[in-house]
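Down below is the structure, laid out as structure tokens.
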Amino acid sequence: MNDKEFNDKDYELQVRRNPQSLLEEYPRKGTNIQSTHYCAGCGHGILHKLIAECMDELGIQERCVMISPVGCSVYAYFYFNCGNFQTAHGRAPAVATGISRAEDNAIVMSYQGDGDLASIGLNETLQAANRGEKIAVFFVNNTVYGMTGGQMAPTTLIGEKTVTCQTGRDPDYAGHPTHMCELINTLKAPVFIERVSLANPLKIRLAKYAIKQALTVQKEGKGYSFVEVLSPCPTNLKQDVVSAQKFIEEQMEKEFPVKNFRNNLYTKQPVQRPASDFSTESLDKIFNVTRDGDSGYVDDEINPVSIKVSGFGGQGVLSAGLTIAQAACAEGKHVSWYPSYGPEQRGGKSNCSVVISNETIGTPVVDDIDILIALNKPSLEQFSQDVKEGGTILYDAHIGEFETDRDVKVIAMPCVDIAEEHGNARTANTALLGALTELGDVLKRESYENAIREMFASKPKVIDVNIDVLHAGAEWIKNNS
Amino acid sequence: MSNQMVKGNTAVVIGAMYAGCDCFFGYPITPASEILHEASKYFPMVGRNFVQAESEEASINMVYGASGTGHRVMTSSSGPGISLMQEGFTFLAGAELPAVIVDIMRAGPGLGNIGPEQGDYNQVVKGGGHGNYKNIVLAPNSVQEMCDLTMKAFELADKWRNPVVVLADGTLGQMAEPLVFPEKAIEPKNDKDWAVKGNAETMDNLITSIFNDFNDLEDFNFKLQEKYAKIDEEEVIVDEYQVDDAEIILVSYGISSRIARSAVDKSREKGLKVGLLRPITLNPFPVDRIKELSDKGVSFISVEMSNGQLLADVQFAALKKEDTYLVNRMGGNLIELKHVLAKIYEIAGLDEEIDTSKRSDEKASPNIID
Ligand SMILES: Cc1ncc(C[n+]2csc(CCOP(=O)(O)OP(=O)(O)O)c2C)c(N)n1
Ligand code: SF4
Ligand SMILES: [Mg+2]
């Protein structure tokens, strides 16, 4: 535009000094699109204008996203000329977190009343502040729930009358006013915290300065900023302009001191967040996916096998089961591994089911057991009844004698002794797996070896001893059955 | 190898990441916590966003915010947390935002316990929050599907601008099975023209569920129902096992369907004609297929870990009568006598025309939001 050529509208805007960051008209409002929906003398309108002026002056309008809360400012999106969100009651700081994390360059503003911010959304408020989210929060403290008809708010003053404290707020019944700046000032992360007042034109100018600082923190990506605004609600407090001003200056400002609580704008470094990487290569790398080898299932005919491994937590029951499953997976078998469910404690009972098949597996929970591996007495007693006719029970010989009159093969194996001979008693479970390699022809020995290498990839020192014990277990069973 | 032994909960994270999910927000709860753990580990490894939220209310609202920017985003939880998220579900549905929510169900009501159950069916499939909305619901029954259906959930969420729930249970989350990894990762374009990204191109956009005008809200509600009808038409997925000659059909989803499948095999060994119909989409529900089988005269057994919540849908579908009707208004508008009469006359075959095209201007309450 040629700035010498003013048409009527530009001239009018010049006179009204309507900031560009506010819309000229409010089509989203539907009717009466020239005026706001706020009551005469309301603080919301003033604050909107101050924020918009700062957006203009900082040249950040395009980057801005305004969040309208629930409360009288629910329609802030009628007015702000930038990206807009409307949210649920009290959740604006969480929504702001989501926006800011997803779009690092966005300047996110959470505009909230005292019911919204300090009551239903207090948790979200404090947590977002404590995380130091890159958001600016504008908090309108008007001591009441404006929109719903002037109920008591967390900020209602002692003795102040509202429709839900009709004889005045009594601290013995309704507690004391909540001081949000002071609360937030107990947290380390916030960069900027200030309380301002809209009581008179001078204070309004000072308020604007604080808003601008809060938005500068955002422009520079430095973190969390919070501005509490003492604001009139003449409608609900049944005040005219003069008495509203008096109320703010003589009562609110006493309870809520107007001051800067923190300003680290000049010392705080910007919070850097990396760009997201969506490439297949990067994902394949973090999940160890190699794409050259063959994948998928191999269609060998095998008889489905159901294995239960059981013992105390800490005896390597779950990892033994997983080693079997891993070996089966590597051979392209269908396999499922299902751990006993619940918080597993050391010393508590623990078991897992493994089913191996050449076709889709039905239930992964094994009730009819082909092979039971038991590492302690209670589980041997509990599960031996579930072993099928013709099945096998393989157990730690230290448990002692175990007999059954059913057609079940019972093997007591000195697995702890074998493990100790190799200098690591904790490999007793591996000795039992070694026996398993000789018991059926379901899986190849080297598949178990590879599975052990994978299972212990993060503890390479114990790989060799486990493989030795695996072999020793297999040898033992060859010589003893 | 692209074939690894993986736990169900981990498979969810793998599916999400290959689907191009950019942000994960979540709060700990057994038996879904492992998803949170794995997301916290893997998302930052590739520069993606992970936030441990202060509550499930916060998680779902972070999802709302991040989804509004057009990125692919998700959260996960279990019963008690899903109950808390219901506010967020209805806001997502009302603002037509895509989102993926994984529910690893546990036993309730109340704190219940951490064992597997399927009692969240109604709160997830039927809505759960206020208003005339529905989630799309996918029900995996294997580790492979935990991954694949999570990927599919992102696709459907974007396609329909609707929340999509992956409804699984503690067993599926805990068990491990071989996972064939996705062939390749999706690199999301984020070309959603409704998104608000904090830049010049998207400045005019607004994410909201507010429609002040009753008629606008009623129109929006009807539009939503049209969308759901299309989803019913296009997106039903059902897995059938030995159904063709079956006289008894088990209807079951999730881990229950694995057990049901074993039951089919055992029954067939005894010469019984039993089959399994497994809805993979719980919403849309395979109503037409069940009705068709019902008309053939089969018996249904709902195999579920809940108090007949699935059974009610099976019964509804099986009996689905042609001659049931609906007269309704939405958006804050009152039912008008003429609409009711028009439907009565139509059904009775009465030859009397009533003009229902004009909406009454009578409003039952003032036009404000609070
Ligand atoms: C979950 C929920 N609970 C209650 C309401 C009703 N409600 C609307 S506005 C409001 C109070 C807002 O007060 P405040 O945050 O102080 O904003 P003000 O109107 O004073 O600016 C309430 C309780 C709602 N919309 N949603
Ligand atoms: S009720 Fe109070 S806060 Fe709401 S618009 Fe009116 S003056 Fe402003
Ligand atoms: Mg208020």
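Convention: sequence-line order gives letters A, B, ...; per-chain numbering from 1.
Heavy atoms closer than 4.5 Å to chain A are found in the side chain of B:Lys7, but not in its backbone. Heavy-atom distances place both the backbone and the side chain of B:Tyr42 under 4.5 Å from chain A. For A:Asn130, no part lies near chain B; criterion is any non-hydrogen pair under 4.5 Å. Only the backbone of A:Ala275 comes within contact range of chain B, with heavy atoms under 4.5 Å apart. Interface residue B:Ile186: only backbone heavy atoms are found under 4.5 Å from chain A. For A:Tyr77, the part lying under 4.5 angstrom from a heavy atom of chain B is the side chain only. Proximity to chain A is limited to the side chain of B:Phe91, based on heavy atoms less than 4.5 angstrom apart. For a residue to count as touching a neighbouring chain, one of its non-hydrogen atoms must lie under 4.5 Å from one of that chain's; by this rule B:Asp216 does not touch chain A. In this structure, the portion of B:Arg261 lying under 4.5 Å from any heavy atom of chain A is its side chain and not its backbone. Of the atoms belonging to B:Phe50, it is backbone heavy atoms, and not side-chain ones, that fall under 4.5 Å from chain A. Residue contact with chain A, scored on non-hydrogen atoms closer than 4.5 Å, is absent for B:Pro44. Heavy-atom distances place both the backbone and the side chain of B:Tyr18 under 4.5 Å from chain A. When heavy atoms are compared at a cutoff of 4.5 Å, B:Asp22 approaches chain A by way of both its backbone and its side chain.
B:Asp265 and B:Tyr241 are linked by a side-chain donor-acceptor pair at a separation below 3.5 angstrom, with hydrogens and angles left out of the test. Remark: the A:Gln151 side chain and the A:Thr148 side chain contain an N/O donor-acceptor pair separated by less than 3.5 Å. Under 3.5 Å, the side chains of A:Glu133 and A:Ser100 contain no donor-acceptor pair of N or O atoms. Using a 3.5 Å distance cut-off with no hydrogens or angles, the side chains of A:Asp277 and A:Ser282 do pair a donor with an acceptor. In the model, A:Glu103 has a side-chain atom that pairs as donor or acceptor with a side-chain atom of B:His71 under 3.5 Å. No side-chain donor-acceptor contact under 3.5 Å links A:His334 and A:Asn358.
Of the listed residues (B:Met17, B:Glu87, B:Lys41), the one with the most heavy-atom contacts under 4.5 Å to chain A is B:Glu87. Between chain A and the options B:Ser262, B:Pro178, B:Ala200, heavy-atom pairs under 4.5 Å are most frequent for B:Pro178. In terms of heavy-atom pairs under 4.5 angstrom with chain A, the leader among B:Ala95, B:Gly198, B:Ala263 is B:Gly198. Chain B forms the most heavy-atom pairs under 4.5 Å with one residue out of A:Val65, A:Val354, A:Thr280, A:Val355, and that residue is A:Thr280. Ranked by non-hydrogen atom pairs under 4.5 Å with chain B, the options A:Leu126, A:Asn81, A:Asn123 are led by A:Asn123. With chain A as partner, the option from B:Lys197, B:Lys184, B:Met45 having the largest number of non-hydrogen pairs under 4.5 angstrom is B:Lys197. For the set B:Ser59, B:Ala66, B:Gly94, B:Ala176, the count of heavy-atom pairs under 4.5 angstrom toward chain A peaks at B:Ala176. With respect to chain A, the highest number of heavy-atom pairs below 4.5 Å among B:Ser257, B:Gly88, B:Ser209, B:Pro182 belongs to B:Pro182. The residue among A:Ala328, A:Ser279, A:Gly30, A:Cys64 with the most heavy atom pairs within less than 4.5 Å of chain B is A:Ser279. Contact count against chain B (heavy-atom pairs under 4.5 Å) is highest for A:Val335 among A:Asn105, A:Thr360, A:Val335.
Contact check on B:Glu54 versus A:Arg131 returns a salt bridge, with a Lys/Arg side-chain nitrogen under 4.0 Å from an Asp/Glu carboxylate oxygen. Under 4.0 Å is where a charged nitrogen must lie from a carboxylate oxygen, and between B:Asp169 and B:Arg106 no such pair does.
Of the possible donor and acceptor atoms, one in the side chain of B:Glu177 sits under 3.5 Å from a partner among the backbone N and O of B:Val143.
Note: A:His37 and A:Tyr79 meet the aromatic proximity criterion, with ring centroids under 6.0 Å apart.
Screening A:Gln86, A:Gln112, A:Arg91 against A:Val70 for a side-chain contact (heavy atoms from CB on, under 4.5 Å) leaves a single residue, A:Gln86.
In this structure, A:Arg28 fails the cation-pi test against A:Phe78, since its NZ or CZ atom is not both closer than 6.0 Å to the six-membered ring centre and inside 45 degrees of the ring normal.
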| Checking side-chain hydrogen bond (donor to acceptor under 3.5 Å, both in side chains) for the pair B:Asn199/B:Thr202: CA distance, chi angles, key distance, verdict? | CA-CA 6 Å; B:Asn199 61 18; B:Thr202 64; 2.8 Å; yes

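Heavy atoms only, all atoms of each residue included: A:Ile67 and A:Val108 are closest at CD1-CG1, 3.9 Å.
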